[in-house]
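For ligands, and for the atoms within them, numbers begin at 1 and follow the listed sequence.
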Amino acid sequence: MTTTRSPLTTDLLRALRPHQVLTHLSERLSYRYDAIQFGVTPLAVVLPETTADVVAAVRAAKAAGIPIIGRGAASGLSGGVTPLQESLVISFTRMTNLHIFPQRRGAVAQPGVVTLKVSEAAKPHGLMYPPDPASFRTSTIGGNLGENAGGPMCFKYGVTGDYVKAMEFVDVDGDVHRLTRDCYDLAGLLIGSEGTLGLITEATLRLIAPPKFSCTLMAHFAEVGQAAEAVSSAIAAGAVPSKLEFMDRACTNAVEDYMHLGLPREAEAVLLVDTDGNDSQVVDAELELVAQACGAAGGTVRRATTPAEADALWQARRSISPSLGRIRPQRMNEDIVVPRSSLPDVVREIRALGDASPFQLVQFGHIGDGNLHPNIMFDPRTESSEAVHELAREIALVAIRHGGVLSGEHGIGTMKKDFMRDAVDPVTLEVLRDVKRGLDAGNWLNPGKILPEAVSPSTLAGDS
Ligand SMILES: Cc1cc2nc3c(=O)[nH]c(=O)nc-3n(C[C@H](O)[C@H](O)[C@H](O)COP(=O)(O)OP(=O)(O)OC[C@H]3O[C@@H](n4cnc5c(N)ncnc54)[C@H](O)[C@@H]3O)c2cc1C
């Protein structure tokens, strides 16, 4: 049967307009995956345009006993939007209202607004929106809030959650709440909750004045530990780069094979660094601090002398995803965060894991935050996904052993939920379950994500 007719779809078609409810198989199929994973084809898909539409959809799903998954652009890298059973997907891509309030240095966005649109709309008012996930051309504000997305600029400017002043969300009963960030920061709780606690239907965002000047350098190193040392000493010396990115040798070579930018193929590590601010001399002096730290650690430094040269260097960073796509058809993109002081050991240990496995491992990341993205390259047609998962677990265990965490910005989703028992002590895990029970006792919202339990609604059993 290609078109679903069920009490749920009947209710949805009664409460919403026909073009907002997708029931035909050909329409539903593409709502079963995100950027890394396929799941179960949803029973129905709803395309709300207003908060009232979301309320109607949530109430219909709850009445029919069907789990609910909020979905943005599905660019997520942890399986956050993949349905694990027959579900209702609420896709926010038609909720795209965006208003800029220059006097308040703020914006009010519906969840389906594409991240880049906020920056574009802010620019004519002399304002900027700093959160800059590499997926900013496709990802949505709702998805960014769902994952608390970061990007190259997050070391200096912070992540998505740092720019949320208030929000509106619909709870599992279909009630609408407006939250600010004062007492019991409930908005903060929803940020990064991957659609498991409520559905965000509007966000009030903070905008800032953009810096007037920036400058850029690339440094390359014969040994990965030297790059990490350079980062630590530059920061200890007082530099706060606006961007601070790391690429290992495999990553640099993948980009060079694709883009031919003249990157140093022999280098074990490459750093790309920007400093910015309103005083050009200060910006320049700050980059010089970084250059000196890189030189002292044994690196070779190349400063960009023109904006075009700076842009060419950053093109290398922007090209990582398409470059890796040419190596193998699929990759599992890990997202660990470790203390900066552990970076040399962590990068080496992860490389050793890759060398001992049948898979190619590529590493890059926002090194200023200690956020690394080891990518396991594989072909799902010929290589075992269990072996990929096992290697991902070993990488997670390296991070945990060094006092790190499972996710910097991509979330836990389904990809890392099995590692939660390794990363979070049993008492704290139970507190997380209490939070989920407090807002969604029946486990109707995105069940099977984050917490390491079975998938079905009402299964929120503890470890005991
Ligand atoms: C090439 C590439 C590069 C990337 N680079 C980065 C990067 O630099 N930094 C980074 O942080 N991420 C990055 N990502 C990951 C991804 O783009 C981000 O996680 C992004 O925030 C997801 O946005 P989305 O709209 O696609 O959300 P989706 O993938 O659709 O959803 C993500 C999560 O948010 C939940 N959600 C969606 N909308 C709502 C809502 N309205 N209310 C409540 N929950 C909701 C979903 O249920 C899901 O759990 C990258 C992905 C790709 C493919």
Side-chain angles (χ1 to χ4, degrees), residues 31 33-37 39 48 51 54 57-58 67-84 87-96 109-117 131-154 159-161 164 167-172 187 189-203 243 245 317-325 330-331 333 335 337 364-366 369 371 373 375 407-415 417 439-440 445-450:
Y31 291 86
Y33 58 82
D34 69 359
I36 63 150
Q37 206 176 55
T51 299
V54 179
V58 167
I68 302 157
I69 300 173
R71 178 180 160 119
S75 70
L77 291 169
S78 57
V81 295
T82 52
L84 302 176
S87 310
L88 172 68
V89 167
I90 301 184
S91 170
F92 289 100
T93 49
R94 287 193 187 157
M95 290 183 71
T96 54
Q110 282 189 315
V113 171
V114 169
T115 315
L116 174 64
K117 297 277 178 199
D132 60 341
S135 51
F136 68 110
R137 287 188 175 79
T138 47
S139 72
T140 64
I141 291 298
N144 293 167
L145 265 79
E147 302 289 7
N148 200 9
M153 288 173 74
C154 64
V159 292
T160 301
V164 177
M167 71 165 66
E168 178 190 86
F169 85 99
V170 175
D171 71 15
V172 69
L189 200 55
L190 263 92
I191 296 164
S193 69
E194 305 183 24
T196 62
L197 301 180
L199 297 169
I200 298 161
T201 44
E202 189 182 277
K243 297 181 190 169
E245 295 291 307
R317 176 62 182 89
R318 288 195 298 270
S319 307
I320 291 176
S321 282
S323 304
L324 298 186
Q330 208 164 329
R331 62 193 168 108
N333 189 339
D335 174 38
V337 182
F364 58 93
H366 314 308
D369 290 322
N371 185 193
H373 296 311
N375 274 233
S407 171
E409 54 186 22
H410 297 167
I412 303 297
T414 52
M415 183 180 145
K417 67 174 198 154
L439 283 159
D440 178 24
L445 296 173
N446 214 359
K449 312 294 164 68
I450 302 181

Practice problem: May I ask you to identify the nearest protein heavy atom to atom 45 (C) of ligand 1, giving residue, atom name and distance to one decimal place in Å? | Solution: G142 O, 3.8 Å
Exercise. State whether the shortest distance between N or O atoms of T140 and N or O atoms of ligand 1 falls below 3.5 angstrom.
Key: yes
Quiz item: Any donor-acceptor pair under 3.5 Å linking the side chain of T140 with the backbone of G143?
Solution: yes
Quiz item: Just which atoms of ligand 1 are under 4.0 Å from any heavy atom in V81?
Solution: 28 (P), 30 (O), 31 (O), 46 (C), 47 (O), 48 (C)
Practice problem: For N446 and G80, indicate whether the former's side chain and the latter's backbone hold a donor-acceptor pair under 3.5 Å. | Solution: yes
Quiz item: With a cut-off of 4.0 Å, which atoms of ligand 1 are near a heavy atom of S321?
Solution: 1 (C)
Quiz prompt | Test: E245 and R317 ion pair at under 4.0 Å | solution = yes
Self-check item: Donor-acceptor pair, side chain of K449 and main chain of T196, under 3.5 angstrom
Solution: no
Quiz item: Can you check whether I200 has an N/O within less than 3.5 Å of an N/O in ligand 1?
Solution: yes
Exercise. State the atoms of ligand 1, each with its element, that fall below the 4.0 Å cut-off from a heavy-atom position in G143.
Key: 21 (O), 23 (O), 24 (P), 25 (O), 27 (O), 34 (O), 37 (C), 38 (N)
Quiz prompt | N/O donor-acceptor pair under 3.5 Å between Q330 side chain and I36 backbone | solution = yes
Exercise. Check each of E194, E147, Q110 against atom 33 (C) of ligand 1 and report the one with the nearest heavy atom.
Key: E147
Quiz item: Do R331 and S321 have side-chain atoms, one donor and one acceptor, less than 3.5 Å apart?
Solution: yes
Quiz item: Within the structure, does P152 bring an N/O atom to less than 3.5 angstrom of an N/O atom in ligand 1?
Solution: no
Exercise. Using a 4.0 Å heavy-atom threshold (strictly under), name the region of A73 that reaches ligand 1: side chain, backbone, both or neither.
Key: both
Quiz item: Considering only heavy atoms, which of G150, G146, G70, G80 lies nearest to atom 46 (C) of ligand 1?
Solution: G70
Self-check item: Numbering as shown, the atoms of ligand 1 that approach S139 to under 4.0 Å (heavy-atom distance)
Solution: 20 (C), 23 (O), 25 (O)
Quiz item: Of the backbone atoms (N, CA, C, O) and the side-chain heavy atoms from C-beta on, which set of T201 has a member under 4.0 Å from an atom of ligand 1: side chain, backbone, both, or neither?
Solution: neither
Quiz item: Under the 3.5 angstrom rule, does the side chain of D34 hit a backbone N or O of G79 as a donor-acceptor pair?
Solution: yes
Quiz item: Taking atom CZ of R318 as the centre, does the number of heavy atoms from other residues, nucleotides or ligands within less than 6.0 Å exceed 12?
Solution: yes
Practice problem: State the atoms of ligand 1, each with its element, that fall below the 4.0 Å cut-off from a heavy-atom position in A134. | Solution: 3 (C), 5 (N), 6 (C), 7 (C), 8 (O)
Quiz prompt | Heteroatom distance test (T138, ligand 1): nitrogen or oxygen, under 3.5 angstrom | solution = no
Quiz item: Under the 3.5 angstrom rule, does the side chain of T201 hit a backbone N or O of E168 as a donor-acceptor pair?
Solution: yes
Self-check item: Top protein contact for atom 29 (O) of ligand 1, by heavy-atom distance
Solution: G76 N, 2.9 Å
Quiz item: Distance-only, no hydrogens or angles: does the T160 side chain make a donor-acceptor pair with backbone N or O of A149 under 3.5 Å?
Solution: yes
Quiz item: Against heavy atoms of G198, which atoms of ligand 1 measure under 4.0 Å?
Solution: 43 (C)
Exercise. Using modelled atom types only, decide if a donor and an acceptor are shared between the side chain of N148 and the backbone of V159 within a distance under 3.5 Å.
Key: no
Quiz item: Parallel, tilted or perpendicular for H373 and H366, by the 30°/60° rule?
Solution: perpendicular
Quiz item: Which residue owns the protein heavy atom closest to atom 28 (P) of ligand 1, what's the atom, and how far is it?
Solution: A74 N, 3.6 Å
Quiz item: Which of the atoms in ligand 1, numbered in the order shown and given with their element, are less than 4.0 Å from a heavy-atom of G72?
Solution: 25 (O), 28 (P), 30 (O), 37 (C), 38 (N)
Self-check item: Under-4.0 Å heavy-atom contact with ligand 1, by part of H410 that carries it
Solution: side chain
Quiz item: Closer than 4.0 angstrom: is that true for some heavy atom of D34 and an atom of ligand 1?
Solution: no
Practice problem: Starting at CG of N144, measure out to CG of D132 and round the result to the nearest 0.5 Å. | Solution: 10.0 Å
Practice problem: Looking only at protein heavy atoms, identify the closest one to atom 20 (C) of ligand 1 and say how far it is in Å. | Solution: N144 ND2, 3.6 Å
Quiz item: Does ligand 1 have any atom that is closer than 4.0 Å to a heavy atom of S78?
Solution: no
Quiz item: Can you list the atoms of ligand 1 that are under 4.0 Å from a heavy atom of N446?
Solution: 47 (O), 49 (O)
Quiz prompt | Check: E409 main-chain N/O paired with D335 side-chain donor or acceptor under 3.5 Å | solution = yes
Quiz prompt | Closest approach of any protein heavy atom to atom 51 (C) of ligand 1, naming residue and atom | solution = S75 O, 3.2 Å
Quiz item: For ligand 1, is there an N or O atom under 3.5 Å from any N or O atom of G151?
Solution: no
Practice problem: Determine whether the side chains of T115 and S139 contain a donor N or O and an acceptor N or O closer than 3.5 Å. | Solution: yes
